[in-house]
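All ligand and atom numbering here is 1-based and tracks the order in the structure.
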Amino acid sequence: MKALKIGVCGVGNVGGAVIENLTSSPQIVESNGGVKIEITQVGARKGKSAVPFDLDVTTNLLEVAQNPNIDVLVELIGGCDLAKDLIEESIKNGKNIVTANKALISTHGDELFDLAKKNGVQIGFEASVAGGTPVIKALREGLVANKVKWFAGILNGTTNYILSKMTDENSSFEDALKQAQELGLAEADPTMDVDGTDAAQKASILSALAFNTPFDFKSVAYGGIESVTPDDILYADQLGYSIKHIAYGSIEGEEVNVSAYPTFVSKDQLLSQVGQQMNALEIFCEDIGSTVYYGPGAGPKPTASAVIADLVDISNGGWPVLEDDIKKNTLCKEGKKTFSRYFKLDVKNEAGAIAKVSSLFAHENISIEALVQKESKQNSDIPSVPVVIISGPISDTNAFQMSGNLDSMEEITNSVKQFRIHNAL
Ligand code: HSE
């Protein structure tokens with residue numbers, strides 16, 4: 001049987017799960033993948049006490065990168081500083097790389113792939129997006145014969161868990177986040193989950209594969225779920241939607257737009273049914289239409305599963321390396337793509353206020369598809385009332401502009417909120 005000698009750097013939740021899997025049940029990978037994976041060395045900054053396995057441990061991670069007996073360095077330390085140095089040093093020493101590091105790939109991917117190509121080695125990054133759900137493999141192998149038109153994905157398990165708990169169990173945001181952290185889903189700093197950074201990094205990686213763009217996280221527009229309130233969830237439900245954090249990418253000509261925002265998804269769409277910490281990705285291709293990938297996207301075991309799948313692929317020769325002269329498409333932050341919108345306003349409870357709001361929509365040439373204002377039976381003297389407007393399709397730029405215009409109206413008493421409505425067309 002083939003043998004692959006690996007060095008594992010980083011023994012947190014994911015590193016621990018990789019080592020546990022490979023040491024406790026090696027026969028699964030041996031019989032399914034036809035390769036014997038041997039952990040030659042472990043790099044752990046905290047030393048041997050952090051590694052509850054009988055393995056060669058060093059606190060000097062660069063020693064792993066330079067170890068001549070290692071074929072593949074598995075980078076699981078995260079971040080962009082030491083991880084980048086470690087990967088570069090490993091590549092220069094002729095080692096293949098497997099990483100779960102979406103921050104690094106989404107920011108420095110092009111540079112690292114160039115270096116890997118020059119040194120004749122491969123980089124596997126299945127674990128960087130959607131954990132145990134093989135979406136990278138789907139894009140670079142299964143769908144290779146297709147032109148992808150758009151993708152829409154729930155790519156962050158923590159926020160999906162929070163939104164699901166808030167929707168299904170009326171949990172508070174804080175309680176749901178705490179539970180997600182206890183399950184090991186969240187990033188070390190959960191701000192990156194909550195504010196949309198994590199999903200946006202993953203979306204930029206998908207864009208590179210789906211649309212042949214550079215790895216260019218800074219050109220992805222995104223926002224987080226902090227602004228979603230129980231009221232929004234209730235309105236969404238009554239109007240026939242779930243609220244999901246959706247990463248959306250599409251191509252028009254050579255221009256690609258990728259973004260990640262809390263989004264209304266109609267309950268008749270598959271993505272609206274994706275609950276708990278699960279991830280899902282719908283990829284729409286020109287000739288075959290939609291394919292959908294669903295599964296666990298966060299947590300130690302799903303991520304370890306993706307890391308090990310990459311190791312098996314590398315033992316089989318890895319992936320095709322593209323020629324340098326293939327022209328890349330451009331990732332643009334300002335999207336022309338239009339979406340219908342949910343606007344939530346607090347409007348002064350006085351005659352003519354709604355008429356002024358609707359005339360602003362008319363003035364901006366934005367159609368109103370639905371307007372919800374509930375009669376207050378208790379107290380007709382309350383100073384303002386919540387009003388929800390579902391608009392026709394408009395671009396992000398127009399939606400932000402419209403929110404700003406509404407905010408500056410005397411009749412609006414609170415900051416206006418707007419969310420996209422996903423339209424799978
Ligand atoms: N914190 C991420 C999530 C998992 O919640 O999806 C790793 O990407």
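Between Ser207 and the options Asn329, Asn257, Thr213, a side-chain hydrogen bond (donor to acceptor under 3.5 Å, both in side chains) holds for only Thr213.
With sequence neighbours excluded, the residues that form a ring-ring contact (aromatic ring centres under 6.0 Å, His included) with Phe217 are Tyr222. Shown here are the side-chain hydrogen bond (donor to acceptor under 3.5 Å, both in side chains) partners of Lys5, two or more places apart in sequence or in another chain: there are none.
The stretch residues 80-113 participates, sequence neighbours left out, in these ring pair (Phe, Tyr, Trp, His ring centres under 6.0 Å) pairs: Phe113-Phe125, Phe113-Phe215.
The cationic atom of Arg420 (NZ for Lys, CZ for Arg) does not lie both less than 6.0 Å from the six-membered ring centre of Tyr261 and within 45° of the ring axis.
Looking only at distances, a side-chain donor or acceptor of Lys95 sits under 3.5 Å from a matching main-chain atom of Asn67.
Near ligand 1, residues Lys102, Leu155, Asn156, Gly157, Thr158, Leu185, Ala186, Glu187, Asp193, Asp198, Lys202, Ala298 each place a heavy atom inside the 4.0 Å sphere around the ligand atoms.
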